[in-house]
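I have placed the structure first, in the form of structure tokens, so that the comments after it can refer back to it.
The basis for the numbers below is simple: all heavy atoms, side chains too, and nothing from hydrogens, waters or symmetry mates. Atoms within a ligand are numbered from 1 in the order they appear, just like the ligands themselves.
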Amino acid sequence: MKNSEKTILVLGGTGKTGRRVMEGLKARGLSVRGGSRSSEPPFDWNDPTTWAPVLENVEAVYVVYSLDPTAPTATDTIRSFAGQAAQAGVQRLVFLSGRGDEAAQPCEQAIRESGLGWTILRASWFDQNFSEDFLCGAVLSGEVALPVGAVGEPFIDVEDIAEVAIAALTEEAHAGHVYELTGPRLLTFAQAVEEIAEIAGVPVRFTEITLEQFTAGLMAQQVPAEFVGLAAYLFGELLDGRNSSVTGDVEHVLGRPARDFSEYVRKTAATRVWQAQG
Ligand SMILES: NC(=O)c1ccc[n+]([C@@H]2O[C@H](COP(=O)([O-])OP(=O)(O)OC[C@H]3O[C@@H](n4cnc5c(N)ncnc54)[C@H](OP(=O)(O)O)[C@@H]3O)[C@@H](O)[C@H]2O)c1
């Protein structure tokens with residue numbers, strides 16, 4: 001950073017990507033501030049009065065919008081936050097978006113129109129959904145049942161997303177770029193689960209179910225309606241093959257290929273997160 005007194009704000013700093021962005025920036029000796037409901041000061045997308053304190057003395061922001069990007073309020077909220085960031089003297093926004101996600105386009109547009117330097121990271125499905133998010137319990141239960149067929153998805157390791165985000169937050173060269181971040185290989189969900197079973201030695205199998213069965217199952221588990229709607233959108237619309245290709249954007253930014261899914265599985269198996277509790 002040119003101005004050593006300024007800090008980098010990482011929204012979603014306790015989440016899958018944000019936590020790693022925080023760690024990577026700190027490891028580079030940079031000043032970092034986390035922004036989420038549990039940070040101090042707290043940041044809540046739903047409460048604009050919490051925005052000004054976290055934006056104080058900030059040069060760049062990693063923007064993770066944690067709520068449903070398909071919600072009608074998402075774009076206005078992001079536009080309003082970007083406006084406040086500009087007024088507070090922020091110079092650069094790095095926005096985590098979804099690849100092929102038409103619902104996220106208006107949110108991206110709000111970032112581009114902020115008048116600040118911007119980089120958009122359109123990520124494909126995270127490897128870590130199997131270990132740090134809603135699919136971890138399914139792996140532990142022995143069955144990953146999802147409403148998705150033989151569609152190839154270029155699963156990406158969030159470690160790579162975090163490294164790209166760090167580059168975009170700290171290097172001018174990435175301003176004005178949209179990166180499509182994918183892993184190096186297409187896998188169907190069935191193949192991904194098979195690799196977890198084989199490489200990690202976990203007794204888990206994949207079952208294809210209907211979207212109706214999937215949403216009914218989530219509702220039976222009293223999953224919040226917001227998440228059920230988002231999951232239905234992701235599986236009902238996004239996984240139609242539109243993202244069945246890999247890009248070289250991770251390698252372009254980092255100068256090395258994206259991490260393979262098998263590397264993620266090996267590393268995650270070593271943490272024992274997929275071992276049943278005895
Ligand atoms: N999962 C995927 O495969 C995938 C693929 C492409 C794009 N994405 C995008 O990735 C984003 C999620 O990023 P992630 O996976 O790194 O995060 P995450 O692991 O889902 O964690 C969510 C983060 O947001 C914070 N948060 C939740 N509600 C909040 C609120 N109301 N106000 C402020 N902060 C809040 C949480 O911290 P607190 O609890 O402390 O508030 C946490 O730090 C979403 O926009 C999603 O669309 C995901």
Can you say whether the rings of [X] and [Y] are parallel (under 30°), tilted (30 to 60°) or perpendicular (over 60°)?
X: H252; Y: Y179; value: tilted
X: F235; Y: F134; value: perpendicular
X: F261; Y: F155; value: tilted

Nearest option to [atom], as decided by whichever heavy atom of [options] sits closest:
atom: atom 3 (O) of ligand 1; options: N46, I156, L96, N129; value: N129
atom: atom 28 (N) of ligand 1; options: Q128, R37, R20; value: R37
atom: atom 20 (O) of ligand 1; options: K16, R19, E132, E153; value: K16

Report the part of [X] (side chain from C-beta onward, or backbone N, CA, C, O) that has a heavy atom under 4.0 Å from ligand 1; answer both or neither where that applies.
X: W45; value: both
X: S66; value: side chain
X: D44; value: both

| note | CD1 of I196 to CZ of F130, rounded to nearest 0.5 Å, is 5.0 Å
| field | Sub-3.5 Å N/O-N/O distance, S97 and ligand 1 | value | no
| Less than 4.5 Å apart, any side-chain heavy atom of S97 and any of R122? | yes
| query | Is W125 close to L239 at the side-chain level, that is, under 4.5 Å between some pair of heavy atoms? | reply | yes
| Under 4.0 Å from atom 33 (C) of ligand 1, do we find at least one protein heavy atom? | yes
| said: Under 4.0 Å from atom 47 (O) of ligand 1, can you find at least one protein heavy atom? | reply: no
If you look only at distance, which donor and acceptor atoms sit under 3.5 Å apart when one is on a side chain in residues 77-87 and the other is two or more places apart or in another chain?
unit_1 : atom_1 : unit_2 : atom_2 : d
T77    : OG1    : T73    : O      : 2.8
R79    : NH1    : E113   : OE1    : 2.8

| query | Would S39 count as a contact of ligand 1 if the rule is a heavy atom under 4.0 Å away? | reply | no
| task | State if S124 counts as touching ligand 1 under the rule of any non-hydrogen atom under 4.0 Å. | result | yes
| task | Apply ring-ring contact (aromatic ring centres under 6.0 Å, His included) to W118 and F95, showing your working. | result | CA-CA 8 Å; W118 57 264; F95 180 60; over 10 Å; no
| task | Could you list the atoms of ligand 1 found under 4.0 angstrom from a heavy atom of V64? | result | 11 (C), 12 (C), 13 (O)
